[in-house]
Amino acid sequence: MGHEHVSNTKRIWQVFGILSIVTIVEVYLGILRPDFLVMNDFISMNLLNWVFIILTLYKAYKITWVFMHMEGEKASLRWAVVATVIFLVLYLLFILLVEADYIYGIFKDSTIKWNF
């Protein structure tokens with residue numbers, strides 16, 4: 001019994017198109033910096049940063065799912081990978097929010113000036 005080779009060229013181009021569109025949206029938002037995203041905050045960060053984080057996580061998911069062939073793996077392996085990534089992303093977001101808020105408070109309330 002032999003395995004039939006299936007060409008994934010169409011799928012690769014579809015994923016390439018999706019990832020390109022998401023990247024173009026990120027660059028477009030980074031250049032324009034719309035006021036309604038920059039001036040509004042959610043959990044100590046402006047909405048534009050949240051949009052970047054969400055789009056980047058989507059791209060990471062898509063790359064892992066398609067190019068690392070996670071869709072064909074057993075559910076236990078998928079959950080082991082996904083649970084680890086979810087934990088690390090939440091931990092990094094926690095550190096980002098706590099430390100950024102601390103640094104902001106130090107510069108806001110002290111005589112040290114913003115020089116960057």
Residues two or more places apart in sequence or in another chain: which of them pass side chain to side chain contact (heavy atoms under 4.5 Å, CB included) with T64?
->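 If we apply the side chain to side chain contact (heavy atoms under 4.5 Å, CB included) test to T64, skipping adjacent residues, the hits are M68, M70.
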Output side-chain donor-acceptor pairs under 3.5 Å for residues 14-25, partner residues at least two apart or in another chain, one line each.
unit_1: S20; atom_1: OG; unit_2: F16; atom_2: O; d: 2.7
unit_1: T23; atom_1: OG1; unit_2: L19; atom_2: O; d: 2.8
unit_1: T23; atom_1: OG1; unit_2: K59; atom_2: NZ; d: 3.1

Contacts table for residues 28-40: side-chain donor-acceptor under 3.5 angstrom, sequence neighbours left out:
unit_1: N40; atom_1: ND2; unit_2: F36; atom_2: O; d: 2.7

Only pairs under 3.5 Å count here: list side-chain donor-acceptor contacts from residues 74-97, not counting sequence neighbours, and write none if there are none.
unit_1: R78; atom_1: NH1; unit_2: E71; atom_2: O; d: 3.3
unit_1: R78; atom_1: NH1; unit_2: E73; atom_2: O; d: 3.4
unit_1: T84; atom_1: OG1; unit_2: A80; atom_2: O; d: 2.7

N/O donor-acceptor pairs under 3.5 Å from side chains in residues 47-58, not counting sequence neighbours:
unit_1: W50; atom_1: NE1; unit_2: F42; atom_2: O; d: 2.6
unit_1: T56; atom_1: OG1; unit_2: E26; atom_2: OE2; d: 3.2
unit_1: T56; atom_1: OG1; unit_2: F52; atom_2: O; d: 2.7

Rounded to the nearest 0.5 Å, what separation is found between the NZ atom of K10 and the CH2 atom of W13?
->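 Between atom NZ of K10 and atom CH2 of W13 there are 14.5 Å.
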